[in-house]
Novice: 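Take this structure, written in structure tokens, and hold onto it; I'll ask about it next.
Read the numbers this way: they start at 1 and go in the same order the structure lists the ligands and their atoms.
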Amino acid sequence: MNSTNALYDTARALVAPGKGILAADESTGTIGKRFDSIGVTSTEDSRRSYRQLLFTTPALGEHISGTILFDETIRQSTDDGRSFVEVLQGAGVIPGIKVDTGAKPLAAFPGETVTEGLDGLRDRLSEYVALGARFAKWRATITIGEDLPTDGAIAANAHAMARYAALCQEADVVPIVEPEVLMDGDHDIEACEAATGHTLAALYRSLAEARVDLAGSLLKVNMVVPGKGCPTQDDDVAIAEATIRCLTSNVPEQVPGVVFLSGGMSDEHATSRLNEMNRIGAGGLPWALSFSYGRALQGPSLAAWGGDEANVGAAQAALAHRARMNGLACGGAYRPELESSAA
Ligand code: 13P
């Protein structure tokens, strides 16, 4: 069937060699926090100006395969009246859309959440398809703590993600399933590996039960890292090895690609750890390993912009630089010395 081929083509295009995804789907609350950090007031127009800066970055499509948009953003246009979707398509960047409505407290599971957004999803997906979206994202958050995560919270999130993924494929939209084991806490890398492994195993059981075609899907996940408060911070090699081990045990080989979130890692760690995985795994892994970073791609650009129109060029150069560094990391060809060519 043509639509199945289109799903496969889109999934593969999103993880094409040397390319990854720009996550620019911050909800209004989250982008507000990012703007607070640079002293910019978040309004519909300041958000539009900032996203315009990102999407009109010269040669964006060189290292960016797709961009995840928020509901407000997929409807917005540039100053000269071109829709963002049109601008992205013109740059060879595939538009995508965040369709979950956020993580909410899970009843009877103190300290844990379940991500909502299934109600009305079939209709919302057809609207997003009409607006130009070809892939979607749903993020579930998993917390490590005393006796956490529970099997109950992992199962609730896996079930919701599987239903979301099936609805996406029905609408010819590639689902990115994103279980994020959070870095908050003082747990060690072994605890992250165990939680990530259990989460992925449950997720792929649910996706199989929901009859999701894995070849037309992507996984977005955290790297296996110690908590932010853990006294032992492992090096890139240990993180890369633990992450590859966890993925190899739990992610079926039909999945064309795994894209990482940055989750609060520094920009350069997000790049060097991805590089290390591709260096170690070179040629031997069933899936492409790439990026779908929000903060680790946008951070330097947001800081360079500071809300001032005069800084748009510098902000775009900062984004292009991070995209290029991460593009190199997809092939294991990144070196820290290359950072000095930064804008
Ligand atoms: P970060 O890279 O900032 O974690 O964002 C990626 C993302 O899309 C989280 O859902």
Novice: Under a single-linkage rule joining Ile, Leu, Val, Met, Phe, Trp and Tyr whose side-chain heavy atoms are separated by less than 4.5 Å, which residues share a cluster with I142?
Specialist: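 So far as hydrophobic clustering goes, I142 is joined with I144, I154, V181.
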
Novice: Does A210 have any side chain to side chain contact (heavy atoms under 4.5 Å, CB included) partners at least two apart in sequence or in another chain, and if so, which?
Specialist: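 Expected list: A162, V212.
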
Novice: Measuring from each atom of ligand 1, which residues have a heavy atom under 4.0 Å away?
Specialist: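 Residues near ligand 1: A23, D25, K137, R139, E178, K220, L261, S262, G263, S292, Y293, G294, R295.
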
Novice: Taking NZ, NE, NH1 and NH2 as the nitrogens, is one of them in R48 or D45 under 4.0 Å from a carboxylate oxygen of the other?
Specialist: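 Salt bridge between R48 and D45, a charged N being under 4.0 Å from a carboxylate O: yes.
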
Novice: Which atom names give the shortest non-hydrogen contact between Q169 and P175, and what distance separates them?
Specialist: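 Minimum heavy-atom contact is CG-CD, 3.8 Å.
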
Novice: Which pair of non-hydrogen atoms, one from G263 and one from E180, has the smallest distance, and what is that distance?
Specialist: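 Minimum heavy-atom contact is CA-OE2, 3.8 Å.
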
Novice: Could you list all the ring-ring contact (aromatic ring centres under 6.0 Å, His included) pairs where at least one residue sits in residues 137-190, not counting sequence neighbours?
Specialist: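 Qualifying pairs: W138-Y164.
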
